[in-house]
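One structure below.
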Amino acid sequence: MAGQARSGRPKQLFRNLNSKIASIPMILTAVVIFLGGTVWTVIYSFTNSKLLPRASFIGFDQYERLWAAPRWIISIQNLAIYGILSLIFSLVIGFVLAALMDQKIRFENTFRTIFLYPFALSFIVTGLVWQWLLNPEFGIQSVVRSMGWESFTFDPLYNSEIVIYGILIAALWQGTGLVMCLMLAGLRGIDEDIWKATRVDGIPMWKTYILIIIPMMRPVFITTLVIIASGIVKVYDLVVAQTSGGPGIASEVPAKYVYDYMFQAQNLGQGFAASTMMLLTVAIIVIPWAYLEFGGKKRG
């Protein structure tokens, strides 16, 4: 038996050989470019690199400067506000829309296309559209005032206290459709017999969703959370298109901080340190997801 097992291993090794050979360029790209670039960035975040990378190591000085910079602190605060609210509203609105779509309504395909269409637009286009809509001179505020409500004020992009909420509105408009589709796919995977059993038992629909359906959709929720969270960490285009980080630095985010220091301030070391902190944030999100998705299956 042991001999048969050993003889079977070479056969498994050469099974689907063409597919394995075809995947070699992708594997090399992932290892050399992505993994190599990541390691290179982390290493040079401990240097005093300015315009060009140089191996002048200064320990954790760049990280100390980073966390002492008011601009970085503001960007982290903005990211926290934007991220928490984006996660909550995206999941709630997306699930509610998916639950409504799951009722087999008329023109479902049309509504699904309408809700998903914004996701097909780039963040630059979305940012410019909402910059126009939130402009007090000819946007929503101007339209409402022209209807008679002269005291109506709605200019979040020009108010440093609430500018991040103006960016959040545009992000929700673009991303909620994708969340709806993911949730709808999860709802369509629920066995119809479960719904029939809850109707027979007289369980209210809202209680069915909370106590039965949502727990069954745990993998869908986890995957959706990871997709949303990874997009939150690297948000950049939307901010640049809407406010360019303004007023002042009120809508600064980490990705913009990295770009500005690496390509405008010519301070690669500081940019590398900030990007390493972003990488750490993504790792904190992805590693628990990978453990929950794959570690649990292996144990099972």
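Fair warning: this is a prediction, and the values are worked out from it, not measured in the lab. Atoms considered below: every heavy atom in the structure, side chains included; atoms not considered: hydrogens, waters and symmetry mates.
Remark: the backbone N or O of Ile227 is paired with a side-chain donor or acceptor of Ser230 at under 3.5 angstrom. Between the side chain of Arg54 and the backbone N or O of Thr47, no donor-acceptor pair lies under 3.5 Å. Listed for the Asp201 side chain is no donor-acceptor partner under 3.5 Å among the backbone atoms of Ile203. Side-chain N or O atoms of Ser146 include one that pairs as donor or acceptor with a backbone N or O of Val143 at under 3.5 Å. In this structure, Ser49 contributes its side chain and Ser45 its backbone to no donor-acceptor pair below 3.5 Å. Although no hydrogens or angles enter the test, the distance criterion places a donor-acceptor pair under 3.5 Å between the side chain of Gln141 and the main chain of Phe154. A donor-acceptor pair under 3.5 Å links the side-chain atoms of Ser251 to the main chain of Gly246, judged by distance alone.
With sequence neighbours left out, Phe263 forms a ring pair (Phe, Tyr, Trp, His ring centres under 6.0 Å) with Tyr259. Ser275 pairs by the side chain to side chain donor-acceptor pair (under 3.5 Å) definition with nothing, not counting sequence neighbours. Remark: Tyr209 pairs with Phe95, Trp195 by the ring pair (Phe, Tyr, Trp, His ring centres under 6.0 Å) rule, at least two apart or across chains.
Taking 4.5 Å as the limit, some side-chain heavy atom of Lys50 sits within range of a side-chain heavy atom of Asn267. Residues Met217 and Ile190 have side chains in contact (heavy-atom distance under 4.5 Å, counting atoms from C-beta outward). Two residues are said to be in side-chain contact when any heavy atoms from C-beta on lie closer than 4.5 Å; Gln131 and Asn135 fail this criterion.
Minimum interatomic distance between Ala274 and Val258 (heavy atoms only, all atoms of both residues): CB-CG2, 3.5 Å. The shortest non-hydrogen separation linking Leu134 to Pro156 is CD1-CG, 4.0 Å.
Hydrophobic clustering (ILVMFWY, side-chain heavy atoms < 4.5 Å, transitive): Val96 and Ile212 are in distinct clusters. Linking Ile, Leu, Val, Met, Phe, Trp and Tyr residues whenever their side-chain heavy atoms come within less than 4.5 Å leaves Leu51 and Tyr44 in two separate clusters. Under the 4.5 Å side-chain heavy-atom criterion for Ile, Leu, Val, Met, Phe, Trp and Tyr, Ile43 and Met278 are members of the same hydrophobic cluster. Note on Phe272: it does not cluster hydrophobically with Ile58, by side-chain heavy-atom contacts below 4.5 Å among ILVMFWY residues. Linking Ile, Leu, Val, Met, Phe, Trp and Tyr residues whenever their side-chain heavy atoms come within less than 4.5 Å places Leu211 and Trp206 in a single cluster.
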Give the table of side-chain donor-acceptor pairs shorter than 3.5 Å for residues 114-128, with sequence neighbours excluded, one pair per line with atom names and distance.
from	atom 1	to	atom 2	distance (Å)
Ser122	OG	Val125	N	3.2
Thr126	OG1	Ser122	O	3.2
Thr126	OG1	Gln174	NE2	3.3

Output a table of donor-acceptor pairs, distance under 3.5 Å, between side-chain atoms of residues 71-93 and any protein atom two or more places apart or on a different chain; print 'none' if there are none.
from	atom 1	to	atom 2	distance (Å)
Arg71	NE	Glu252	OE2	3.1
Arg71	NH2	Glu252	OE2	3.0
Arg71	NH2	Asp260	OD2	2.3
Ser75	OG	Trp72	O	2.6
Asn78	ND2	Ile74	O	3.4
Asn78	ND2	Ala250	O	2.8
Asn78	ND2	Glu252	O	2.9
Ser90	OG	Ser86	O	2.7

For residues 232-240, tabulate all N or O donor-acceptor pairs below 3.5 Å that involve a side-chain atom, not counting sequence neighbours.
none

| Given Glu108 and Arg112, is the salt bridge (Lys or Arg N to Asp or Glu O under 4.0 Å) satisfied, shown in steps? | CA-CA 6 Å; Glu108 177 188 331; Arg112 192 165 54 203; 3.0 Å; yes
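Taking the six-membered ring for Trp and the full ring otherwise, the centers of Tyr63 and Phe46 sit less than 6.0 Å from each other.
Note that the CD1 atom of Ile140 and the OG1 atom of Thr153 stand 13.0 Å from one another [nearest 0.5 Å]. Taking CE of Met277 as the reference point, atom CG of Leu66 lies at 7.0 Å (rounded to 0.5 Å). Taking CZ of Arg218 as the reference point, atom OG1 of Thr223 lies at 9.5 Å (rounded to 0.5 Å). Interatomic distance, CZ of Arg65 versus CG of Asn48, reported as 5.5 Å (0.5 Å rounding). A distance of 10.5 Å separates CD1 in Ile194 from OG1 in Thr208, rounded to the nearest 0.5 Å. We find the CG-CG distance between Leu97 and Leu184 to be 10.0 Å, quoted to the nearest 0.5 Å.
Residue Phe138 qualifies as enclosed at atom CZ: its count of foreign heavy atoms under 6.0 Å is above 12. Counting heavy atoms of neighbouring residues, nucleotides and ligands inside a 6.0 Å radius, atom CD of Glu161 does not exceed 12 of them. Within 6.0 Å of the CH2 atom in Trp40, the count of heavy atoms belonging to other residues, nucleotides or ligands exceeds 12.
Under 3.5 Å, the side chains of Gln62 and Gln270 contain a donor-acceptor pair of N or O atoms.
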